[in-house]
Each structure stands twice: as structure tokens, then as C-alpha cells.
Amino acid sequence: MAREESTREAYGRTLVELGEANPNIVVLDADLARSTQSQMFGHKFPSRFFDLGLAEQNMIGIAAGLAASGKTVFASTFAVFASARCFDQLRMSIAQPRLNVKIVASHGGITVGEDGFSHHAIEDVGLMCSLPGFTVIVPTDAVEAAQAIRAAAALLGPFYIRLSRPKTPVIHEDGYRFVLGKAVTLRPGRDATIIAIGVMVALALEAAHRLREIEGIDCRVLTMPTVKPLDEEAILQAARETGAIVTAEEHLLQGGLGSRVAQVVSSHQPVPMAFIAIKDVYSRSGKPAQLMERCGLTAEDIMDGVRGVVLRKARQMAFRLGGR
Amino acid sequence: MAREESTREAYGRTLVELGEANPNIVVLDADLARSTQSQMFGHKFPSRFFDLGLAEQNMIGIAAGLAASGKTVFASTFAVFASARCFDQLRMSIAQPRLNVKIVASHGGITVGEDGFSHHAIEDVGLMCSLPGFTVIVPTDAVEAAQAIRAAAALLGPFYIRLSRPKTPVIHEDGYRFVLGKAVTLRPGRDATIIAIGVMVALALEAAHRLREIEGIDCRVLTMPTVKPLDEEAILQAARETGAIVTAEEHLLQGGLGSRVAQVVSSHQPVPMAFIAIKDVYSRSGKPAQLMERCGLTAEDIMDGVRGVVLRKARQMAFRLGGR
Amino acid sequence: MKIGASSPGGSLPDKRCGPTSASAGNNPAEAVSSLATQKGQDRPEAELERLAKSLRRHIITMIGTAGSGHTGGCLSAVEVLVALYFKIMRHRPQDPRWPERDRFILSKGHAAPALYATLAEAGYFPVAELPTLRKMDSRLQGHTDRTITPGVEMSAGSLGQGLSFSIGVALAGRLDSKDYRVYVLLGDGECDEGQVWEAAISAAHFKLDNLTAIVDHNKQQLDGWCSDIMNLEPLAEKWRAFGWQAIEVDGHSIPQILSAAEQARATKGKPTVIIAHTIKGKGVSFMENNLEFHGRAPNAEELAQALKELE
Amino acid sequence: MKIGASSPGGSLPDKRCGPTSASAGNNPAEAVSSLATQKGQDRPEAELERLAKSLRRHIITMIGTAGSGHTGGCLSAVEVLVALYFKIMRHRPQDPRWPERDRFILSKGHAAPALYATLAEAGYFPVAELPTLRKMDSRLQGHTDRTITPGVEMSAGSLGQGLSFSIGVALAGRLDSKDYRVYVLLGDGECDEGQVWEAAISAAHFKLDNLTAIVDHNKQQLDGWCSDIMNLEPLAEKWRAFGWQAIEVDGHSIPQILSAAEQARATKGKPTVIIAHTIKGKGVSFMENNLEFHGRAPNAEELAQALKELE
Ligand SMILES: Cc1ncc(C[n+]2csc(CCOP(=O)(O)OP(=O)(O)O)c2C)c(N)n1
Ligand SMILES: Cc1ncc(C[n+]2csc(CCOP(=O)(O)OP(=O)(O)O)c2C)c(N)n1
Ligand SMILES: [Mg+2]
Ligand SMILES: [Mg+2]
């Protein structure tokens with residue numbers, strides 16, 4: 001876990017590799033190529049790279065037109081602009097016609113830090129999951145990001161891949177193989193399950209480790225890089241086998257991973273749940289770690305969540321055993 | 001229940017009444033005033049009415065500037081354009097600064113009918129609930145719509161009110177009093193609770209009636225016109241007292257009422273749930289009733305949902321009583 | 001999805017549709033300019049006029065039968081569609097996704113019935129299918145849907161998005177060294193949308209001379225006259241300042257439309273916009289310039305009356 | 001939120017800030033034109049130049065201390081801000097929401113540090129607060145936040161939205177028969193955004209002569225020169241075609257900015273845009289026209305060097 005790399009660096013690198021192998025790939029950006037790292041592709045393949053300036057709506061429409069003409073299109077900007085600024089365009093021009101456009105959005109979540117709320121994408125995952133036809137991926141680390149981007153390039157249809165600004169620990173080993181639509185068990189456990197995505201995965205592992213060491217609580221840890229479609233099987237197995245679930249995401253409570261998991265669980269196997277997510281409020285400027293703390297997105301918050309669901313599960317058990 | 005009126009007619013009428021009483025009210029529209037019924041205000045108070053043409057983004061920004069200058073602003077267009085076309089503007093210019101703008105959106109859901117998917121707002125409630133600071137209301141009928149609009153005018157801060165195109169049955173009596181943030185029990189019941197909003201309320205009542213008559217299942221029916229903030233108390237009471245919940249909404253499964261209720265229930269009182277909502281797909285042209293049937297939004301669908309949760313609840317009980 | 005070539009309802013023989021005819025065939029030399037190649041097979045202007053009239057009849061019948069739809073903005077666009085599909089564009093009704101085809105993108109998606117009538121007359125699907133407009137399970141959606149209707153390039157209905165899409169198609173043509181041309185039809189009210197101007201800047205920046213936009217300048221939008229709701233004038237000046245060649249024509253004069261398209265084709269290094277001055281509701285006396293018919297269908301009586309006028 | 005009037009760090013006496021001074025006071029006759037009322041108390045141009053220099057020092061120090069921020073687009077806007085806050089606008093630093101105030105809206109929200117430095121020097125809050133920029137719990141957010149910073153009218157940071165907001169403010173002024181004027185500063189790259197043009201059409205439609213937009217035309221956007229990324233020229237022509245009076249000035253010449261603002265005030269029936277030709281990074285040799293400093297902070301060494309240049 002010593003190595004760190006940002007998922008957006010993995011993006012730039014992977015784009016260039018893809019561009020070498022496949023002349024059909026075209027990349028768009030909206031005046032943030034130097035930040036999203038799509039510029040790496042632009043430098044290498046200037047004729048297949050279009051920087052559209054500050055015009056996110058136009059970028060999405062152009063992406064659709066290129067895809068309708070047979071191109072495999074990657075389009076990048078910051079996550080907040082990629083989702084919020086052009087939602088109707090995504091809906092009309094890409095989602096419904098299921099065109100072959102991959103929105104790869106950097107700067108997801110509040111770890112963007114000092115730029116403040118205008119640059120913090122806290123609702124993008126929910127928004128993008130509201131687009132029928134879209135596959136939505138939040139990679140755990142740079143290793144997974146690279147593979148998810150390759151998977152998206154290989155499959156027809158619309159994808160949204162959410163990347164992060166800061167360097168983050170590389171969690172997966174080199175031999176790791178990303179499988180679209182599948183959760184990954186990072187740690188077995190029986191008392192409760194933590195389902196985490198993106199930058200929360202490292203914190204979930206830390207929380208699980210400390211809960212085991214200090215309190216003897218044995219947590220399963222899953223990552224669910226494909227937020228849509230969900231790996232319902234893994235969720236229901238976790239519900240059955242561990243009887244309690246905590247989700248953890250760098251996103252609003254509304255519409256994100258937690259809300260999606262809650263619907264699956266409630267539909268089939270209701271168990272106590274806790275949601276580690278951003279409450280209904282915009283964040284501000286600050287260091288990423290400070291903001292994570294303010295927003296309740298720390299290992300301690302996850303630990304509290306686990307303690308809560310484990311307690312409620314125990315009460316429920318006691319109730320069951322005792323009868324009414 | 002014989003009387004029918006569309007919620008948007010109630011809007012036009014109420015706007016005029018509000019405009020008479022309060023010279024501070026300003027109304028905006030984006031070239032749909034003849035459909036949203038905001039034109040009624042425009043005819044009466046032309047100097048306080050601005051039709052901005054097809055420019056939803058600009059409308060939201062102008063609304064914000066007017067509100068920042070002390071005006072109470074109503075801004076209307078179709079629900080799909082009011083939410084999806086200007087989400088970043090809603091976020092930046094209205095939600096975060098909590099400005100006094102009431103977005104009243106007509107033509108919510110698929111009952112828009114023949115115009116087809118481009119005009120069907122199926123994700124708007126989820127999107128608007130992703131805006132910290134916004135209160136989100138889906139009135140049940142014209143009586144409640146009028147009162148919700150008055151409540152919004154009387155309170156500072158951003159509101160989203162979703163109205164419907166077709167005439168719908170008036171469900172509430174004239175003496176009815178809308179209370180912001182409160183669910184309304186339309187029918188008592190012990191076996192399960194149906195929580196419905198908008199055009200689904202009439203269908204929920206019908207489903208409850210038929211379930212009682214035919215199968216002896218005794219359903220509580222709640223409406224939850226304030227989708228944000230939710231009446232958690234009423235939800236948890238329903239979970240405790242009836243042990244099973246079915247939500248019904250003219251909206252995507254993703255991000256809507258059902259997903260919000262599931263989070264509350266899972267956090268405190270997990271019970272079997274079913275979600276009557278639009279699956280992950282865009283609809284097409286057709287008569288409203290045909291589309292409702294295709295999308296699984298009929299009284300029968302609600303009845304199936306209730307049967308399912310009641311069965312799961314019974315199994316759970318049996319399991320409890322029998323021990324493991 | 002594949003359907004018979006000749007429509008039962010009186011469509012023109014498909015050889016008239018540009019290079020699908022034997023004479024234009026697959027010969028790339030001939031395919032370069034459909035305007036040019038068609039010179040020899042020009043049909044008399046009167047025939048095009050009859051075609052326009054027949055499209056108008058289809059349109060009001062479809063919308064009248066459906067009971068809802070946007071009559072006014074369909075009728076104003078008829079001559080533009082006739083000129084494009086029966087004179088200007090090379091396309092193959094039996095092979096709607098023919099890679100070499102010229103593209104037409106309907107940005108003002110509410111004029112879908114006008115496009116459907118045109119496509120049916122051109123042979124993309126049977127004219128008999130037109131009355132299914134807006135009905136459950138019809139391929140003819142209330143607004144265009146690229147996933148189910150042969151010949152429809154883009155899903156539309158939320159206005160302001162078609163020019164961006166067209167730029168993507170034009171860029172792809174350039175990348176693939178294809179010589180197809182891209183035509184896109186916008187409403188004048190639609191030009192209120194900022195996305196149109198984002199797109200306009202970028203088309204000029206990319207010097208897309210294979211792209212021609214046409215604005216159906218019928219002077220009305222949904223809530224009223226554009227000059228009252230949101231004044232667009234000087235419209236041609238706006239496009240020029242955004243780096244486009246702008247040509248103003250009488251949008252009901254097919255010769256004027258053809259000559260503007262020819263000028264667009266001849267112009268290198270910049271995109272062209274044709275501002276087609278039109279009359280909303282054109283062709284039916286009581287619909288012309290009548291705001292009511294922007295978004296309403298004729299009732300049975302009105303339909304009968306209108307059809308009489310269009311005999 | 002109320003704070004002391006005079007800032008510890010060398011702000012000018014607040015009587016210079018327009019009608020808050022004793023002479024301009026609450027007298028409506030005098031308040032009509034701040035440009036006019038201030039004629040008598042003109043400070044020598046040299047003093048304004050010193051002020052500009054001091055703003056530049058604040059800006060680079062703030063951003064350098066924060067370790068991140070948009071240096072180039074702050075430095076290009078300095079003279080415009082000096083002219084507005086110390087000459088053109090009537091406003092009351094001790095009463096930031098004074099209903100009669102002229103409004104300044106920073107649409108290019110990433111230039112927040114330049115605005116903060118200006119507001120501090122004008123007396124809205126202590127200059128000593130400037131180094132808290134971008135720090136946790138500071139009132140000085142990375143991009144402007146109208147909810148916590150005295151003198152900040154609009155939350156910004158997502159570009160393209162300020163002109164629409166300003167139109168709302170200008171319309172409210174007209175509705176309430178107030179004679180305040182509204183000024184809004186946009187970036188040139190920002191003018192790529194379609195919302196800017198939606199807003200431009202509508203401001204002209206509403207004949208908002210109480211609205212003045214200023215474009216900080218520093219010829220660069222984030223990824224490069226505007227002419228390479230998305231060519232905006234002819235920029236003034238675009239605004240004119242959208243119904244605005246357009247005036248081009250040297251954006252680093254305070255007299256030119258003042259005279260353009262005067263011309264804007266004198267023009268009835270249409271809004272005015274001042275195209276301020278500027279240099280990104282202006283005032284620090286190694287930052288001028290240096291793309292790198294669009295969105296990067298100077299390190300300690302660079303900061304020291306820059307401060308030396310600005311002595
Ligand atoms: C984004 C968006 N906003 C609003 C509408 C509703 N609408 C449908 S047609 C129309 C008027 C369009 O006017 P114009 O472009 O001039 O069309 P035409 O006159 O050719 O019918 C409006 C506002 C829409 N379809 N899309
Ligand atoms: C909607 C939006 N898209 C992208 C960005 C990222 N961004 C910040 S500054 C900038 C360049 C702005 O260029 P310009 O308006 O010319 O500003 P200036 O040169 O004055 O700094 C970009 C693309 C943003 N803030 N908002
Ligand atoms: Mg029109
Ligand atoms: Mg610039």
C-alpha cells in the first residue's frame with residue numbers, strides 16, 4: 001500500500017495506450033485537459049483530440065455525433081461539470097440512444113479540496129445512475145482505473161467513470177483483474193460488511209482492521225467499483241452472511257451507492273444498515289483530509305457505523321431468540 | 001373523487017392570488033408559459049412576469065439575481081427541462097446560496113404521454129433531492145398543489161414543486177390542510193403500508209381498497225407530498241406498526257421516494273419493501289394510461305408489491321417464531 | 001427494422017433520391033456532388049411543389065389523427081425538407097445507415113411529423129405507417145428517436161442540441177476522409193438556447209465547411225412572436241459574428257434553398273447557415289402565423305378544411 | 001459577520017469609497033452618479049497605480065500562502081477592480097448589503113483572490129484576513145461564496161453563470177425603481193459557455209442599460225491561448241450582434257476603463273460590454289502570458305521574486 005498514484009494519471013496513461021492500439025478512439029475535453037490528463041492523448045494524437053473550450057453541453061453533443069458515426073469517444077472534464085452541467089445532453093444525446101461515449105470525469109468528490117464547493121462533485125454518481133443505459137464505475141485505485149477504462153473502451157455503450165484528484169494508495173496488486181459488474185472481497189468477515197468505493201476503500205480497510213484489533217468485530221470489506229449495475233448477488237450474500245451492512249462513499253447520501261444498496265437489501269433481505277456519506281450540505285474550501293473529517297468520511301465514522309449496525313443486529317437477534 | 005383538475009391549473013390560479021396579495025412576487029418562464037399556466041400571472045401582472053424564451057440556464061440565473069435582490073421568485077417550465085437542463089445553475093446559483101426561488105415544474109413523469117421520452121421527467125425528483133437546501137414537493141392533487149405553492153411562497157428558501165400535465169382526481173377534501181414535511185394518512189391499516197406520491201396516490205387507494213375486498217389484506221396508505229425533507233417519523237411508525245412498506249412513484253427507481261424511504265427504514269427499522277417505480281429505461285410515446293401500464297405503474301402493480309412484502313414479512317415472522 | 005423500398009402511398013421511385021439511382025450509383029466521382037449529379041435528372045419544379053403539398057397533407061392528417069403535435073413548425077419546414085431529400089442530399093432510403101450518405105439532423109425535434117412524411121415519401125418506410133404517429137409501439141415517436149426510426153439520425157425533442165451533434169458527425173467525416181455533408185435544421189426560437197452558440201463558435205473554430213445549418217425562421221416560438229418573447233434580430237449578423245457564412249432565403253422557395261445549398265458547398269473554410277424565412281403554419285390559411293397551432297392538432301373539422309385547401 | 005471599517009493593512013480611508021463619504025452621504029441627488037460625485041475627490045492617478053500594485057502584492061501573497069489558486073486571471077483583472085471599487089461604484093464597505101449600492105458580480109469566480117484583496121483594501125474586512133484564503137473555516141473561499149464573505153454578491157466558480165445573475169439584479173433594480181448599476185466581470189474563455197449568450201440575448205431584449213459587462217480579455221483560457229483552444233474573435237462583433245454596445249479598452253489603463261464606464265452610463269436602451277484587453281499574469285514578468293500560472297500558485301522563491309518586481 002506504499003505506492004500512490006491518482007486515478008487520473010492512470011487515465012492519461014491508459015488513453016495513450018488505447019489510442020495506439022485503436023485508431024478509432026477520439027478524445028474530447030472542455031478546457032481541462034491539463035487537469036484531467038486527457039492532454040497526454042492530445043499530445044500524442046492531435047488529430048483525434050478536440051478541446052472544446054468551456055462548453056460542456058457542446059462537448060456532449062459532439063461526442064454523441066462522433067459516436068453515432070462509429071467512433072469510440074472519450075470525453076473528460078471535472079466530475080461536477082461532466083454530470084451537472086450537461087445532464088439533459090447526456091440524457092438525450094447519449095443515454096437514450098445508447099451511444100458509445102465514455103465520460104471519464106476527474107476530480108470526483110470533496111478530496112478536490114481547496115477549490116471549494118463549486119468544484120466538489122458530491123452528486124455526480126447519483127445523477128449518472130439516473131441515466132438509463134449508462135454503466136457507472138468508481139474505481140478504487142489507479143490499477144483498477146486503468147482496467148476499467150480498458151473495459152469501457154472494449155464494450156459498446158455509455159460509461160461514466162469517476163476519478164479523483166489526489167494521489168491515493170494503490171490497493172490492488174498488479175495481478176488484479178477488474179470484472180465489470182462484480183464486487184471484490186478485500187477482506188472476509190462475519191459480523192458486518194462494509195461496502196466502500198473510491199477513496200473510501202482504504203479507510204474501510206483501516207476501519208475493519210482497527211475494529212478487529214480493538215473490539216474483535218470481524219468485518220467483511222467489499223468494493224463495488226461498478227455502482228451501476230450493482231452486484232446484487234454479492235450484496236445479498238453479505239446481507240445473509242453478515243446480517244449488517246455499512247456503505248461508504250465520497251458522495252451525498254442521496255442517490256449514491258448507499259441508496260442503491262438499500263433498495264436491493266430492502267427488496268430481498270432487510271438488515272440493519274448505516275450510510276457513511278455526505279449529509280445534505282455543501283462543503284467548503286479546506287485540505288482534503290480536513291473536509292473528509294468535517295463531512296463524516298473517516299475511518300472512525302465507518303467504525304461508528306459498524307458499531308451501530310452490529311448493535312442493532314444483536315438486538316434483533318435477541319428479540320428473535322426471546323420471541324415477543 | 002369525481003372532480004378532476006390538473007395541478008398545473010391550480011398553479012396558475014394560485015399564482016394570480018399570490019401576485020395580488022404580494023407585489024414582491026416575480027414569475028419567470030422559459031417559453032412554456034402557455035403550458036405551465038404561468039401565463040395566467042403574466043396576463044395579470046405583465047411587469048412582474050418575464051418569459052425568457054428557450055433558455056433554462058439563463059432563467060435560473062436570473063431567478064437567483066432577482067431573489068438576491070429581495071424578490072420572491074417563481075420559475076416554471078416542464079419538469080425535465082427545469083431539472084435536467086440547468087442542474088449546475090440550480091446548484092450554484094440557488095441551492096448553495098439558499099436563495100428564495102420556487103421552481104414549479106409542470107409535466108412531471110410519463111403521464112405527459114405522446115410527446116415521448118424527451119418530455120418525460122423520470123429523474124427530476126432524484127435530481128432535485130440532490131440539491132442541499134432545496135425542499136421538494138410532489139402534490140397529490142390540485143387542492144394540495146395550491147396549498148403547497150402558498151406554503152412555498154410564505155417560506156424563504158429554494159423549493160421544487162412537481163406538477164402534472166393531465167387532469168387528475170381531486171382526493172383531498174376542501175377542508176384539507178397541507179403541512180410541510182408531514183405525511184398524510186389517507187387510510188389506516190395494519191398489514192402493510194403503501195407510501196405514494198403524485199398521480200400514484202389514487203392508484204394506491206384503489207389497490208388498498210381491492211386488496212381489502214378481495215384478499216383481506218389491510219393496507220395503510222400514506223401520501224408523502226414533501227419528498228424532502230422526509231417525514232421520518234411517519235415512515236418509522238409505518239415500519240413498526242405494519243412491518244412492510246411499498247412505495248409508489250411516477251419516477252425512476254433511482255434516487256426517488258423509494259430510495260429515500262429505503263435509507264430511512266434500513267437505518268432504523270429494516271422491514272421488507274417493494275418499489276413501484278420506473279425501471280432503468282426510457283419510455284416512449286403513448287397514452288398516459290398505456291405508458292403507466294408498460295412502466296409497471298398500475299394499481300395491480302402496487303397490489304403485487306403489497307402481496308410480496310406481506311409474504312416476506314410472514315416468512316420472517318414464522319422464522320422468528322420458529323427460531324433457527 | 002428493414003422495410004420495403006417502395007412505399008404503397010405514392011412515394012417517388014427511389015432512383016430520384018440522389019445517387020441511389022442507377023446513374024449515380026456507387027461511382028465515387030459522381031457521388032461527390034449530389035447537386036451536380038442530379039442536374040441531369042432534375043424533376044420539374046411543379047413536381048416538387050406537388051410533393052410539398054402532399055407532405056403538408058400527410059403532416060396535418062398525421063397530427064390530426066394523433067390528436068396532438070406541433071403543426072405550425074412542421075408546415076414551415078416543408079420546402080426545406082423537400083429540397084434536401086429530393087434534390088440536395090445523396091442518400092439511400094433502402095440503406096438508411098449507408099456510410100457515405102449525406103446526413104440530415106432534425107434539431108427542432110418537434111417537427112418530427114414533417115420528417116416522417118418526408119422519409120416515407122422518399123421510401124424509408126411505408127407511407128401507410130404515417131398514421132401510427134404518437135401511438136403506442138409506433139416507430140414514429142412524438143419527437144424523433146434514432147433508435148427505432150429508419151432514416152432518423154438523432155433523438156431529439158429537447159431543443160438546442162442538434163447543432164452540437166451535427167458537429168460531431170462532421171468531424172467524424174473529416175477524420176475518416178469522407179466527403180458526406182451534414183445538414184441540420186433548427187428553429188428560430190431554438191436559437192435562444194446557449195448550446196446553439198457554444199456549437200456555433202466551435203463549428204467555425206474547426207472550419208467545418210462540410211456542415212450547413214438551416215434556421216427555420218418562422219418568427220414564432222411557443223409563447224408568441226420571437227420579437228416579443230426573446231428578440232433574435234439581427235439573426236444573420238449573429239451567425240456572421242460567430243464565424244459563419246450566412247445566407248438569407250425565402251424558405252418556401254425551393255430554388256432559393258437549392259442555390260444557397262450550392263453556395264454552402266462551394267464555400268471552403270467555414271460553415272454556412274441558411275436563414276430560411278418562413279411562415280409558421282404555411283399552406284393552411286387559418287394556421288398561418290396562428291400561434292395556437294404551434295403545439296395543437298387540428299380537430300376533425302379543421303382537418304377537413306385544411307385538406308381542402310391543400311388539394 | 002460585521003467587521004471593523006478600516007483594515008489594519010493599509011486600506012484607504014473609507015470616505016474615498018463613493019457615497020459612504022460625508023460629502024456623498026445619503027443625498028440621493030449626489031448619489032445618482034458616483035462618477036460625477038467623485039469628480040471633486042479624485043485621487044491622483046498615481047495613487048490608484050499604487051493601489052493596483054498593492055492588490056497585486058496581496059494576490060500573489062495570498063495564493064502563494066494558500067499553495068493553490070489562479071494567479072494569472074487575478075492579476076489581469078486588477079485595474080478593472082480598482083476602477084470599479086475606488087472610482088466608479090458607489091458602495092458602503094461597512095454596509096455591504098446597502099440597498100442602493102452599485103453591484104459588482106464576479107462571474108469568473110476563480111479570480112476570487114483579486115476580489116478579496118479589493119474588498120479588504122476598500123474596508124469590507126481586514127486586510128489581515130487575506131492570508132486565510134482557501135484555509136479551513138476561512139471566509140475567503142477558493143471561489144466566491146455569497147453566504148459568508150462581506151461584499152461578495154454571488155457564489156461562483158462554475159463559469160458562465162454570472163451574467164444571468166446580473167440580469168436578475170438589474171431587472172430587480174428596474175422593478176424597484178432603484179438607480180443602482182450592475183457590473184459583472186467575465187473571463188474570455190468563459191465566453192465559450194452558451195449560458196453567456198443566452199444571457200446576452202436577454203439583456204439586450206430587456207434593454208438593460210443599467211447593466212455593464214466587462215470581459216477580461218487576456219487571450220488565454222485554461223488549456224492554452226483562446227485562439228488555439230476556441231477562437232472567440234471577433235469578440236466585440238459578437239456582442240454587438242447580440243444587441244450590446246461594445247467598447248474596447250486597454251484593461252490596464254484606469255482612465256480608459258473609467259471613460260468606458262462613463263459611456264456605458266450615458267447610453268440608454270441597451271447594455272454595454274467593455275472588452276478589456278489585458279495580459280494574463282500582468283505585473284510579474286515571469287507570470288505574464290505564462291499559461292502555467294493560470295491555475296498554479298507561486299512557490300516561495302517565485303513569490304519573493306514577484307514581490308520584488310512589485311515593490
Ligand atoms: C429545451 C427545451 N425547452 C423547451 C421546449 C418546449 N418547446 C417545444 S417547441 C418550443 C418552441 C420552439 O420554437 P421554434 O424553435 O421557433 O420552433 P418552431 O417555431 O419551428 O416550431 C418550445 C419552447 C423544448 N422542447 N425543449
Ligand atoms: C463550467 C466550468 N468549466 C470549467 C471550469 C474550469 N476552469 C476554471 S478557470 C478556466 C479557464 C477560464 O478561462 P478565462 O475565462 O479566460 O479565465 P481567465 O483567463 O481570466 O483566468 C476553466 C476551464 C470551470 N471553473 N467552470
Ligand atoms: Mg419558430
Ligand atoms: Mg482568459
Side-chain angles (χ1 to χ4, degrees), chain C residues 107 158-167 171 186-208 213 215 217 219 221 223-246 248 269-271 273 275, chain D residues 107 158-167 171 186-208 213 215 217 219 221 223-246 248 269-271 273 275:
Chain C
S107 188
S158 175
L159 288 160
Q161 306 194 23
L163 186 56
S164 300
F165 186 94
S166 307
I167 292 171
L171 285 173
L186 297 95
D188 46 7
E190 187 177 11
C191 295
D192 295 348
E193 285 288 353
Q195 189 184 349
V196 171
W197 302 104
E198 289 183 4
I201 298 185
S202 67
H205 181 77
F206 295 128
K207 305 192 197 319
L208 288 174
V215 179
H217 196 12
K219 322 291 186 297
Q221 50 199 103
D223 276 334
W225 293 95
C226 298
S227 52
D228 295 329
I229 303 299
M230 192 50 62
N231 181 29
L232 270 178
E233 304 307 331
L235 185 55
E237 278 316 306
K238 285 188 173 59
W239 288 92
R240 288 188 190 116
F242 274 65
W244 289 56
Q245 168 173 239
E248 304 202 50
K270 54 164 64 177
V273 61
I275 310 227
Chain D
S107 187
S158 174
L159 288 161
Q161 306 194 24
L163 186 57
S164 300
F165 186 94
S166 306
I167 291 170
L171 285 173
L186 296 95
D188 45 9
E190 187 177 9
C191 294
D192 295 348
E193 285 288 353
Q195 190 184 350
V196 171
W197 301 103
E198 290 183 5
I201 297 184
S202 67
H205 181 76
F206 295 129
K207 306 194 196 319
L208 289 175
V215 179
H217 198 12
K219 322 291 187 297
Q221 51 198 104
D223 276 335
W225 293 94
C226 298
S227 53
D228 295 330
I229 302 298
M230 192 50 62
N231 181 29
L232 271 178
E233 303 308 331
L235 185 54
E237 278 317 306
K238 286 189 171 60
W239 288 92
R240 286 189 191 117
F242 273 66
W244 289 56
Q245 168 173 236
E248 304 202 50
K270 54 163 65 179
V273 61
I275 308 223

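We name chains A, B, ... by the order of the sequence lines, and we start the count at 1 in each one. FYI, side chains are in, hydrogens and waters are out, and symmetry mates aren't considered; it's all heavy atoms of this structure.
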Under 3.5 Å, which donor-acceptor pairs link chain D to chain C? Give each pair on its own line with the distance.
from: D:Gly194; atom 1: N; to: C:Glu198; atom 2: OE2; distance (Å): 2.8
from: D:Glu198; atom 1: OE2; to: C:Gly194; atom 2: N; distance (Å): 2.8
from: D:His205; atom 1: ND1; to: C:Asn231; atom 2: N; distance (Å): 3.0
from: D:His205; atom 1: NE2; to: C:Asp228; atom 2: O; distance (Å): 3.1
from: D:His205; atom 1: NE2; to: C:Ile229; atom 2: O; distance (Å): 3.1
from: D:Asp228; atom 1: O; to: C:His205; atom 2: NE2; distance (Å): 3.1
from: D:Ile229; atom 1: O; to: C:His205; atom 2: NE2; distance (Å): 3.1
from: D:Asn231; atom 1: N; to: C:His205; atom 2: ND1; distance (Å): 2.9
from: D:Lys238; atom 1: NZ; to: C:Ala241; atom 2: O; distance (Å): 3.0
from: D:Ala241; atom 1: O; to: C:Lys238; atom 2: NZ; distance (Å): 3.0

Between C:Leu232 and chain D, with a heavy-atom cut-off of 4.5 Å, which part of the residue counts as in contact: side chain, backbone, both or neither?
side chain
Any idea which heavy atoms bring D:Pro234 and C:Ala241 closest together, and the distance?
CD-O, 3.5 Å
